[in-house]
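Report on the following structure.
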Amino acid sequence: MVSPSKALSVLRETFGHPEFRGAQAEIVEHLAGGGDALVLMPTGGGKSLCYQVPSLLRPGTGIVISPLIALMEDQVAAMTQLGVRAGVLNSTLDAAKARATERDLIEGRLDLLYVAPERLTTPRCLELLGAARLALFAIDEAHCVSQWGHDFRPEYLQLSVLHERFPEVPRIALTATADPVTRREIAQRLGLGDARVFVSSFDRPNITYSIVEKVDARAQLLRFIRAEHAADAGIVYCLSRKKVEETAAWLAAQGITALPYHAGMDAARRSAHQARFQREEGVVVVATIAFGMGIDKPDVRFVAHLDLPKSIEGYYQETGRAGRDQAPADAWMTYGLADVVQLRRLIETSEASEDYKRVSGAKLDALLGLCETAQCRRVRLLQYFGEESAPCGNCDNCLVPPETWDATEAARKALSAIYRTGQRFGAMHLIDVLRGRDNERVRRWHHEELSVFGVGRDLEEGLWRSVFRQLVALGMVEVDHEAYGALKLAEPARRVLKGLDEVQMRRSADTPGPRRTRATRVGAPELDGPGALLLSHLKAWRLEEARAQSVPAYVILNDSTLSQLALRRPEDLAGLAQINGIGAKKLERYGPALLRILGR
C-alpha cells in the first residue's frame, strides 16, 4: 500500500500542485494499491493526475489508451517538461522510432506510454505488453465504449481483452460525461463490474453558460467574440462541414484568426490547423464535433455552438473544453426551431434501431428543456446527471433573469392554427396564417378563409417563432419529418386547447442582457495595471520558449500559473515553488528567467 504522504510528495515535486482536489487522493491511493476504478470527473477536474501519479508510484510503465493520436505528442511533451519519462506508440512513428520506444518499454525506461486503442489490441502490441512490466492501464474517454453515446468508437469494444490478458494489472476508466445507463455499459463492456466507482461533481463553476435565440447567428457570434473574447482561444461548433468552412472564412474576413476543422479536410491541412490551435495564442477553430476530444489545451476561453448539439452529454462534453485551467470561460450557444427540426429529421431518417431513435429523441428533448428553461442553466444541467445544486449566479438566466409571460392565449392560437391547417405545415407558414399575411402560399391552400387567419396580428413574428419553439420544447407539439417538418399536436396540447392548463413561457431576446465584466466574473484574478503589463511580458516569454522548443505554449506554463505569478510576484525560487503548476523540474528550468521578468 502506497502512503498518502508519498503520493502527495509526487504531486508537489513533479506536478507543482500543493494538494489533491476532490476525490483525487482517494482515487490515487486506490489505484496505486492495485484496485480497479471507474472515474467520472468533469473536464478540467484533474482526471489525468488520477493515473499519472499512480504510474509514478507503482513499479513499471503506465499504459494510457487515448482515442486521438494527433494529441499524443503534446501529451508526451507536457510529461517530459515535468521530468516524467513518457513515450508514444501510434501510426505516426516510423519503424526506427517505434522500435526504440518498444525497447524503452521492455527495458523499463518509461513511466508512461500513450497508445491508441486500435494499436493496443493488435497481437503484436499485446505480446509486447506481455513482455513488459506494467504499472496500470488507463482507459481515457471511456464513454467511447457506449453504443448509446455521442462519441462511440467500435475499437473500444475490444478493450475488454485487457482484463482477460492482464488480470493482475489495475485498470482505471475515465470519462467526463456518462449518465447512469452509460456508466453501467462502461463497467459491463470493459469488465469493470467489481471496480470502485468515483463520481465527482459535474459542476464547472468557472464556466458561464449562455443560450440565445438564433436571429443572425454569425453576427451574434461576432458580437460575442469581440465583446467578451477578443484575442482569446476558442472553439466554434457547427453541424455541417460546409457551414464550418463558410463560418471560418467569414470570421477571418472580420479580422478573427479563425481556422476550419472537419473530417472532410485532407489530413495535412487538418493536422496543421490543430497544431496552430494548440501552439499559438488567440486562435479560434470552427469545427464539427470531430474536433476536440482529448484536447489538452487548458486556456480555451470560450466554446460557442452555432447549431444545437444532439444531447446534453454532447453539449457538456463540448463546452467542457473551455476553461480547463479553472479560469473564467464561456459556453455560448444560439438555437432556433430550425435546429430542432433538422436534428429530429436526422434521428427519424437514420438507419438506427427504433430503440436508438427513441433514446436519441429523449436526449434531444432534455437538451431543449435546458435551452428553454427560465431557471438556472447549471441547476438544469447538473440535474440531468443526477446532481442537485442551488442557482449558480454565473449563467445568463441568473445574471439577467429572463422575463416570463402568460402565453396561454398565444399557445391556444398556435395550437388551433396547427389543427385548422391539417397538421401539415411548418412554423413559418403557420405564422403567416396567424399574422394574416395574404400571400400566394396562404391563398393556394385557402387558409385566408380559416377562423385562425389574422388572429395573431398582435404578436410580432419573432415572438411567434419563440412560441412555436417552446411548444415543441414543452412537448405539446411534435415535428413530423415524413411531412417535411410539419408540426403536429401532441397529447398535452389537448388540455391547453380545452382551457384546462395554463402556459408560461420565457420572453426571448436575440442577445443576453448586461453582464458582469470579465474582471469580476467567477474565478477571475484581479490584476492592477502593472500586474496586467507583467502578465503580458510573461506570456511573451512563454511564447518565445514554446517556439524554441516546438511545443504548445501551455506546456511551458498555463494561463492560470502565469496569472498567479503576475498577481503574487514571488521574490525568490522558494516563492516560485509555491505557485500552482511549478514543480521541481520547471523550477530548475525556468526559475531564473521568471525571476528576471518579475524584476527580482
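Between L57 and K6, the closest side-chain pair of non-hydrogen atoms falls below 4.5 Å. Side chains of I186 and T182 form a contact here, defined as non-hydrogen atoms less than 4.5 Å apart. At a threshold of 4.5 Å between non-hydrogen side-chain atoms, the residues H273 and V285 do not count as touching. The shortest side-chain heavy-atom distance between Q254 and R218 does not fall under the 4.5 Å cut-off. Using a 4.5 Å heavy-atom threshold, the side chains of K47 and Q52 count as separate.
The environment of CD in Q549 is crowded: more than 12 heavy-atom neighbours from other residues, nucleotides or ligands sit within 6.0 Å. Within 6.0 Å of CD on E107 lie more than 12 heavy atoms contributed by other residues, nucleotides or ligands. The 12-atom threshold is not exceeded at CZ of R547, counting heavy atoms of other residues, nucleotides or ligands nearer than 6.0 Å.
Put simply, the residue from T319, V236, T334 that forms a side-chain contact (heavy atoms from CB on, under 4.5 Å) with H305 is T319.
Under 4.0 Å is where a charged nitrogen must lie from a carboxylate oxygen, and between D325 and R301 at least one such pair does. In this structure, D396 pairs ionically with R377, as a charged nitrogen and a carboxylate oxygen lie closer than 4.0 Å. At a threshold of 4.0 Å, the pair R183-E313 does not count as salt-bridged, since none of the basic side-chain nitrogens sits closer than that to a carboxylate oxygen.
Counted by atom type alone, Q578 and Q564 present zero donor-acceptor pairs between their side chains at under 3.5 Å. Judged by distance alone, the side chains of Y209 and R204 never bring a donor and an acceptor atom under 3.5 Å apart. Side-chain contact annotation: E118 with Y156, donor-acceptor N/O pair under 3.5 Å absent.
Between the side chain of R133 and the backbone N or O of I106, no donor-acceptor pair lies under 3.5 Å. Between the side chain of T101 and the main chain of K97, a donor-acceptor pair closer than 3.5 Å is present. The main-chain N or O of L82 is never found under 3.5 Å from a side-chain atom of K586 such that the two would form a donor-acceptor pair. No donor-acceptor pair under 3.5 Å is formed between the side chain of T247 and the backbone N or O of V244. Side-chain N or O atoms of R241 include none that pairs as donor or acceptor with a backbone N or O of T288 at under 3.5 Å. With R324 contributing its side chain and V300 its backbone, the two residues share no donor-acceptor pair below 3.5 Å. A distance-only check finds no donor-acceptor pair linking the side chain of D559 to the backbone of A327 [under 3.5 Å]. For R12 (side chain) and P18 (main-chain N/O), a donor-acceptor pair under 3.5 Å exists by modelled atom type.
To the nearest 0.5 Å, atom CD1 of residue I256 and atom CG of residue L222 are 6.0 Å apart. Between Q24 atom CD and E19 atom CD the span is 10.0 Å, to the nearest 0.5 Å. Taken to the nearest 0.5 Å, the CG atom of L251 stands 10.5 Å off from the OG1 atom of T257. Remark: L543 CG to L538 CG distance equals 12.5 Å, nearest 0.5 Å. Interatomic distance, OG of S560 versus CD1 of I579, reported as 9.5 Å (0.5 Å rounding). Note: Y315 OH to M333 CE = 5.0 Å, rounded to the nearest 0.5 Å.
In terms of heavy-atom proximity, F202 sits nearest to A176 at CE2-O, 3.4 Å. Here the closest non-hydrogen pair linking Q278 and K297 is OE1-CB, 3.4 Å. Between L105 and A132, the closest heavy-atom pair is CG-CB, 3.7 Å. When every heavy atom of E245 is checked against every heavy atom of P260, the shortest pair comes out as OE1-CG, 3.6 Å. Here the closest heavy-atom approach between residue T175 and residue A142 is recorded as CB-N, 4.0 Å. Across L49 and P54, no two heavy atoms sit closer than the pair O-CD, 3.7 Å.
Taking the six-membered ring for Trp and the full ring otherwise, F277 and Y261 have centroids separated by 6.0 Å or more. When ring centroids are compared, F137 and Y51 stay outside the 6.0 Å threshold.
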Inset, instruction - Mind running side chain to side chain contact (heavy atoms under 4.5 Å, CB included) on R109 and R103 for me, showing each step along the way? - result: CA-CA 8 Å; R109 291 194 293 268; R103 281 197 302 272; 4.3 Å; yes
Inset, instruction - Check step by step if side chain to side chain contact (heavy atoms under 4.5 Å, CB included) holds for W332 and Q220. - result: CA-CA 10 Å; W332 181 91; Q220 289 170 289; 3.9 Å; yes
Inset, instruction - Decide ring-ring contact (aromatic ring centres under 6.0 Å, His included) for F385 and Y316; before the verdict, give the C-alpha distance in whole Å, the side-chain angles of both, and the deciding distance to 0.1 Å. - result: CA-CA 10 Å; F385 293 108; Y316 182 83; 5.1 Å; yes
Inset, instruction - Assess whether side-chain hydrogen bond (donor to acceptor under 3.5 Å, both in side chains) is satisfied between S55 and D111, documenting all intermediate values. - result: CA-CA 6 Å; S55 292; D111 300 310; over 6 Å; no
Inset, instruction - Go through the steps to decide whether N558 and T561 satisfy the test side-chain hydrogen bond (donor to acceptor under 3.5 Å, both in side chains), and finish with yes or no. - result: CA-CA 5 Å; N558 66 36; T561 299; 3.2 Å; yes
Inset, instruction - Show your reasoning for whether side chain to side chain contact (heavy atoms under 4.5 Å, CB included) applies to I63 and L120. - result: CA-CA 10 Å; I63 307 299; L120 180 134; 3.9 Å; yes
Inset, instruction - Any chance you could lay out the side-chain hydrogen bond (donor to acceptor under 3.5 Å, both in side chains) test for E281 and Y554, step after step, and finish with the verdict? - result: CA-CA 9 Å; E281 298 196 38; Y554 66 81; over 6 Å; no
Inset, instruction - For side chain to side chain contact (heavy atoms under 4.5 Å, CB included), just list the numbers for L534 and L527, CA-CA rounded to whole Å, side-chain angles, deciding distance to a tenth of an Å, and then say yes or no. - result: CA-CA 9 Å; L534 182 54; L527 293 173; over 6 Å; no
Inset, instruction - Take R196 and D36 through the test salt bridge (charged side-chain N to carboxylate O under 4.0 Å, His left out) and record every step on the way to the result. - result: CA-CA 6 Å; R196 188 169 170 190; D36 293 335; over 6 Å; no
